[in-house]
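Structure first, commentary second.
Just so it is clear, the model here is predicted, and its values are computed rather than measured. Numbered from 1 within each chain, the chains take letters A, B, ... in sequence-line order.
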Amino acid sequence: MRIATWNVNSIRQRLDSLQAWLKERAPDIVCLQEIKCQDHDFPREPLEALGYNVAVHGQKTFNGVALLSKLPFDEVAPGLIGDDGDVQARFLEALVSTKTGVVRVVSLYLPNGNPAPGDKYDYKLRWMDRLIAFAADRLRLEEPLVLAGDYNVIPTPLDAKRPEAWVNDALFLPQTREKFRALANLGFTDAIRAVSDDGGLYSFWDYQAGAWQKNDGIRIDHLMLSPRATDKLVDAGIDKHVRSWDKPSDHVPVWVDLAIEGR
DNA sequence: ATGACCCTCAAGGAGGGA
């Protein structure tokens, strides 16, 4: 089973690229972020035509997450526990059944948090605490669980071309990285780091300042695997070439292959 | 080089992103 995550930066602007990439990579489950539309504006039909079931947690203009799955959804639940007043659409959880058992998947869009310090950074840190609480709860189920999405976290200096440029940024501040480690320390494995210790593995290049041409990137899109998912890990990768396509998102897809029979 | 983007929307600049 192949599970992927991609911050598309507007689903309506990226539909052609998404369709092309789905045909090329053939993922079983896809976690999308920054769809930037309401549920009724999500282009369900062309994605269903490619064989995907579609679940959407949208929001006008900003944020918005979705899930695509070749397998039908047994359960779908929008929203992250811990703050009933949070109206930002950043979290969508689903359960699917395979021949050998269930797989639980979350598409998440963690707040950027800039400028830091400030209200936005406080929201980011609280959101990370809520994610840790959610993850700790779900771990008790002992299921294969994949927490996939745009974390807006640069985990280590190896994950940026110019780490010195990010030292005061909400994506790389010590508290941000501490909370990311706290999530990992619950027992979650960063899929990309499980298969490679290399530098130069990036998932985002800014549109500005020729960042892509200079390979001035950062790795902020992650697939975090529960122990039961890590047991099944076969491979993981980043589809860097997608950044060179026409009208690209500033993020590229990241994927993991698990030894679980899909479809 | 103090420069270089892209997306959304009660639609012209403003706000958000990272």
*In whole angstrom, what separates A:Gln59's CD from B:dG16's C1'?*
12 Å

*Give a yes or no on whether the ring-centroid distance for A:Trp21 and A:Trp6 is below 6.0 angstrom.*
yes

*Rounded to the Å, how far apart are A:Ile11 CD1 and B:dT8 P?*
11 Å

*When you compare B:dG15 with B:dA10, how far apart are their P atoms, in angstrom units rounded to a whole number?*
15 Å

_Considering only residues two or more places apart or on different chains, which pairs with a residue in residues 46-65 of chain A satisfy salt bridge (Lys or Arg N to Asp or Glu O under 4.0 Å)?_
A:Arg44-A:Glu48

*Does B:dA18 have OP1 or OP2 sitting under 4.0 Å from an N or O in the side chain of A:His251?*
yes

*For atom C1', what is the distance between B:dA18 and B:dC7, given to the nearest Å?*
13 Å

_Atom-pair distance (CG on A:Asn168; P on B:dA18), nearest Å_ = 18 Å

*Just checking A:Asn7: base, sugar-phosphate only, or nothing, at a heavy-atom cut-off of under 4.0 Å?*
sugar-phosphate

*Would you call A:Glu143 and A:Arg138 a salt bridge, taking side-chain N to carboxylate O under 4.0 Å as the test?*
no

*Using whole Å, report how far CH2 of A:Trp245 lies from P of B:dC6.*
18 Å

*Answer yes when A:Asp159 and A:Arg177 have at least one side-chain N-carboxylate O distance shorter than 4.0 Å, and no when they do not.*
no

*What interatomic distance, in whole Å, is found between C1' of B:dG12 and the corresponding atom of B:dT8?*
13 Å

*Determine the contact category for A:Tyr109: base if any of its heavy atoms lies under 4.0 Å from a base atom, sugar-phosphate if only primed atoms, P, OP1 or OP2 are that close, otherwise nothing.*
sugar-phosphate

*Can you sort out which residues in residues 110-129 of chain A have a heavy atom within less than 4.0 Å of DNA chain B? Ascending by number, please.*
A:Asn112, A:Lys120

*Find the distance A:Asp250:CG to B:dG16:P and express it as a whole number of Å.*
17 Å

*Taking ILVMFWY side chains as joined if any heavy atoms are under 4.5 angstrom apart, and letting links pass through other members, which residues group with A:Leu95?*
A:Val102

_Filter on side-chain hydrogen bond (donor to acceptor under 3.5 Å, both in side chains), then keep only pairs touching residues 166-175 of chain A, sequence neighbours left out; what's left?_
A:Asn114-A:Asp169

*asked:* How many whole angstroms separate atom CD1 of A:Ile35 from atom P of B:dC6?
replied: 22 Å

*Base, sugar-phosphate alone, or nothing: which one does A:Asp150 contact when heavy atoms must sit under 4.0 Å apart?*
sugar-phosphate

Every protein N/O within reach of nucleotides 9-11 of chain B N/O, cut-off under 3.5 Å:
from   : atom 1 : to      : atom 2 : distance (Å)
B:dA10 : OP2    : A:Lys60 : NZ     : 3.3

*Between A:Ser10 and A:Leu171, which is nearer to the 5' end of DNA chain B once each is assigned its nearest nucleotide?*
A:Ser10

*Under 4.0 Å between a side-chain N/O of A:Arg14 and OP1 or OP2 of B:dC7, yes or no?*
yes

*Quick one: label A:Asn152 by what it contacts on the DNA or RNA (base, sugar-phosphate, nothing), any heavy atom closer than 4.0 Å.*
sugar-phosphate

*Kindly write out the residues that satisfy side-chain contact (heavy atoms from CB on, under 4.5 Å) with A:Lys179, not counting sequence neighbours, or none if the list is empty.*
A:Leu125, A:Met128, A:Asp129, A:Ile132

*Residues two or more places apart in sequence or in another chain: which of them pass ring-ring contact (aromatic ring centres under 6.0 Å, His included) with A:Phe91?*
A:Phe134

*Could you tell me whether B:dA10 is syn or anti, where syn means a glycosidic angle within 90 degrees of zero?*
syn

_Residues forming a side-chain contact (heavy atoms from CB on, under 4.5 Å) with A:Ala148, sequence neighbours excluded_ = A:Thr5, A:Cys31, A:Val146, A:Leu223

_All pairs passing salt bridge (Lys or Arg N to Asp or Glu O under 4.0 Å) where residues 112-127 of chain A contributes a residue, at least two apart_ = none

*Measure from NZ on A:Lys214 to P on B:dA4 and round the result to the nearest Å.*
13 Å

*Which whole-number value in Å describes the distance from A:Asp206 CG to B:dC7 P?*
13 Å

